[in-house]
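Reading through the structure tokens given below for one structure.
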Amino acid sequence: MTKSRIAAVDVGNDSIKAIFGEFDNELNIPNIVARDTEDRPVIGIEELDTKDPLDGIHIRVHSPALKENNAIYRVGNLATKSDNATELDPGSSKSEEDQTLIMLFATLALDAVNEDNAKLFPKSKNVIDANYTLGTGLPLREVKEGKDAGYRSKLVGSVHQVEFLVTPKYQGLKVNIKFDEVKVYPEGFAAYINLVMDNSLKIINKDLIDRRILIQDIGGLSTDIAVIKNRNVDDDKAQGFNLGVSEALEQIREEIRSKHGVELDSRTDVVEIITRKNDRNHIMVKGSRTSVHDITDRILLELAKKQYRLLRNVWAKNSQTEICYFVGGGATVLKEYIKTLNNNLDGYNIEFFEDEKESIWMMANAYYKLIMDYVKKSEKSSKAASEPVKS
Ligand SMILES: Nc1ncnc2c1ncn2[C@@H]1O[C@H](COP(=O)(O)OP(=O)(O)OP(=O)(O)O)[C@@H](O)[C@H]1O
Ligand SMILES: [Mg+2]
């Protein structure tokens, strides 16, 4: 039997974040897929060898877990350019969408075919047999509805195959994914674990562990507020809202286009413009440095106000809350606006993460800690079981 590789995967509505093995590989892929046919046109013969595989994920996915088996997809950056691309709809259930599984399988397959991991899994001809121990999560709402059990059994029960079609470097490779174990954690709880515990689940934040905390996770399409009490997520109090930052970023892009005639490639470009250290909120227009501060300020302030209103409502219902942490990519974008609002208005005890990566990778880090801990504990107990009892 081959050794199982650890994978901690956060399937965010905006992007997938994944951590592998001994933290030796990380992947971040936009959560976007588009149905396709077998032969996507390749521009230029060399493209397949020289391009980054992550910019050309083109796969067929075979799995009994899917509603639509054996379909072909463009995934991530490559799908962005398709006109039939789909992103997850905020009202939908992550656990029941094929898109969640397509993204998950594609991410694992990309880790399995990575040259650095060639020794990990057996490979015969063009087929790699990859075994994973997976830690992942679902929104609290879906866990509350009991959907985690169904999601887990879809994954563990069978072999899932990803076949790379017209993908640079990996064309023609097939990966058979098998799960030795799958743990599905509720998202809000995971964020709490990451705040109070280190990689070996030792408590690093004694101060925080018994406090009443809110965690406001501002994502691409949604915002979740977890309520933590008695070291646990208060299921009944947690709330999810269909409000993220993607829409505001898109609006900024649109206004820059109509006002300045400048076409930005993606929302990522917008994020870059509003968060970079030097020359923030400026773009080049026909070679002249031009401020877009008026546009970004107005749109982001509007969104910050909405986010602040959500905080107020949840805080009002949980009046004994001691601190609220803002996490997620949206927290990075809105940090200064929310802080200013808070200073001028209610003055809640709120906290942000300095390091934007920490904020965005919060869930993936938490799943990593939790699944590592699980593996260590089960290794220990199986070792104990196989050792003779000393008398
Ligand atoms: N380095 C960054 N700095 C600032 N903002 C970022 C950065 N990376 C991503 N973002 C933006 O933050 C937003 C939310 O990203 P995040 O990764 O938290 O969402 P998600 O977890 O995928 O989505 P959801 O939580 O809705 O499922 C995205 O719209 C993204 O453009
Ligand atoms: Mg998220």
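Atom set for the values below is all heavy atoms of this structure, side chains included, hydrogens, waters and symmetry mates excluded. Each ligand, and each atom within it, is numbered from 1 in the order the structure gives. All residue numbers refer to positions in the sequence shown, counting from 1.
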Checklist entry - Should the heavy atoms of other residues, nucleotides or ligands under 6.0 Å from CD of Glu255 be counted, would the total exceed 12? => result yes
Checklist entry - Looking only at distance, does Asp10 have an N or O less than 3.5 Å from an N or O of ligand 1? => result no
Checklist entry - From Asn344 CG over to Lys339 NZ, what is the distance, rounded to the nearest 0.5 angstrom? => result 14.0 Å
Checklist outcome for this item: Counting from 1 in the order shown, the ligand 1 atoms closer than 4.0 Å to a non-hydrogen atom of Val333 are 4 (C), 5 (N)
Checklist outcome for this item: Ranked by distance from atom 9 (C) of ligand 1, the top protein heavy atom is Ile360 CD1, 4.0 Å
Next on the checklist: Quick check for you: to the nearest 0.5 Å, what is the distance between Thr296 atom OG1 and His282 atom NE2?
Outcome noted: 10.0 Å
Next on the checklist: Closer than 4.0 Å to some heavy atom of Thr332 - which atoms of ligand 1 meet that?
Outcome noted: 3 (N), 4 (C)
Item to check | Residue, atom name and distance, where the atom is the protein heavy atom closest to atom 27 (O) of ligand 1 | outcome: Asn13 N, 2.6 Å
Item to check | atom 3 (N) of ligand 1: the protein heavy-atom neighbour that sits closest, reported with distance to 0.1 Å | outcome: Val271 CG1, 3.6 Å
Next on the checklist: With rounding to the nearest 0.5 angstrom, report the OH to CG distance, Tyr73 to Asp36.
Outcome noted: 11.0 Å
Checklist entry - Non-hydrogen atoms of Ser222 versus ligand 1: any pair closer than 4.0 Å? => result yes
Checklist outcome for this item: Going by the 4.0 angstrom heavy-atom rule, the piece of Lys17 near ligand 1 is side chain
Next on the checklist: Polar contacts were defined as any N/O atom of the residue lying under 3.5 Å from an N/O atom of the ligand; does this apply to Asp217 and ligand 1?
Outcome noted: no
Next on the checklist: Under 4.0 Å from a heavy atom of Gly328: which atoms of ligand 1 are those, numbered in the order shown and with their elements?
Outcome noted: 18 (O)
Next on the checklist: List ligand 1 atoms under 4.0 Å from Leu249, heavy atoms only on the residue side.
Outcome noted: 29 (O), 31 (O)
Checklist outcome for this item: One finds that the ligand 1 atoms under 4.0 Å from a non-hydrogen atom of Ser246 are 29 (O)
Checklist entry - Among protein heavy atoms, which sits nearest to atom 13 (C) of ligand 1, and what does the distance come to when rounded to 0.1 Å? => result Val245 CG2, 3.3 Å
Checklist entry - Would Tyr367 end up clustered with Ile215 when hydrophobic side chains under 4.5 Å apart are linked, directly or stepwise? => result yes
Checklist entry - Which residue owns the protein heavy atom closest to atom 25 (O) of ligand 1, what's the atom, and how far is it? => result Gly219 CA, 3.3 Å
Next on the checklist: To the closest 0.5 Å, what do you measure between CG (Asp210) and CG (Asn230)?
Outcome noted: 8.0 Å
Checklist entry - Does the side chain of Asp180 come under 3.5 Å of the side chain of Thr133 through a donor N or O and an acceptor N or O? => result no
Item to check | Partners passing salt bridge (Lys or Arg N to Asp or Glu O under 4.0 Å) against Glu68 (at least two apart in sequence or in another chain) | outcome: Arg35
Next on the checklist: Checking Lys357 against Glu26 for the salt bridge (Lys or Arg N to Asp or Glu O under 4.0 Å) test, could you report, in this order, the C-alpha distance in whole Å, the side-chain angles of both residues, the deciding distance, and whether it holds?
Outcome noted: CA-CA 12 Å; Lys357 195 166 176 212; Glu26 270 181 25; 3.1 Å; yes
Checklist entry - Tell me, do Leu140 and Asp224 make a side-chain contact under 4.5 Å, heavy atoms counted? => result no
Checklist entry - Relative to ligand 1, is Asp14 under 4.0 angstrom through side chain, backbone, both or neither, heavy atoms considered? => result both
Next on the checklist: I'd like to know whether His160 forms a ring-ring contact (aromatic ring centres under 6.0 Å, His included) with Phe179, so could you lay out the CA-CA distance, the side-chain angles of the two residues, the decisive distance to 0.1 Å, and finally the verdict.
Outcome noted: CA-CA 9 Å; His160 318 275; Phe179 294 103; 5.7 Å; yes
Checklist outcome for this item: In this structure, atom 18 (O) of ligand 1 is nearest to the protein heavy atom Gly329 N, 2.7 Å
Next on the checklist: With a 4.0 Å cut-off on heavy atoms, is Glu356 in contact with ligand 1?
Outcome noted: yes
Checklist entry - Who's the nearest protein heavy-atom neighbour of atom 19 (O) of ligand 1, and how far? => result Gly220 N, 3.2 Å
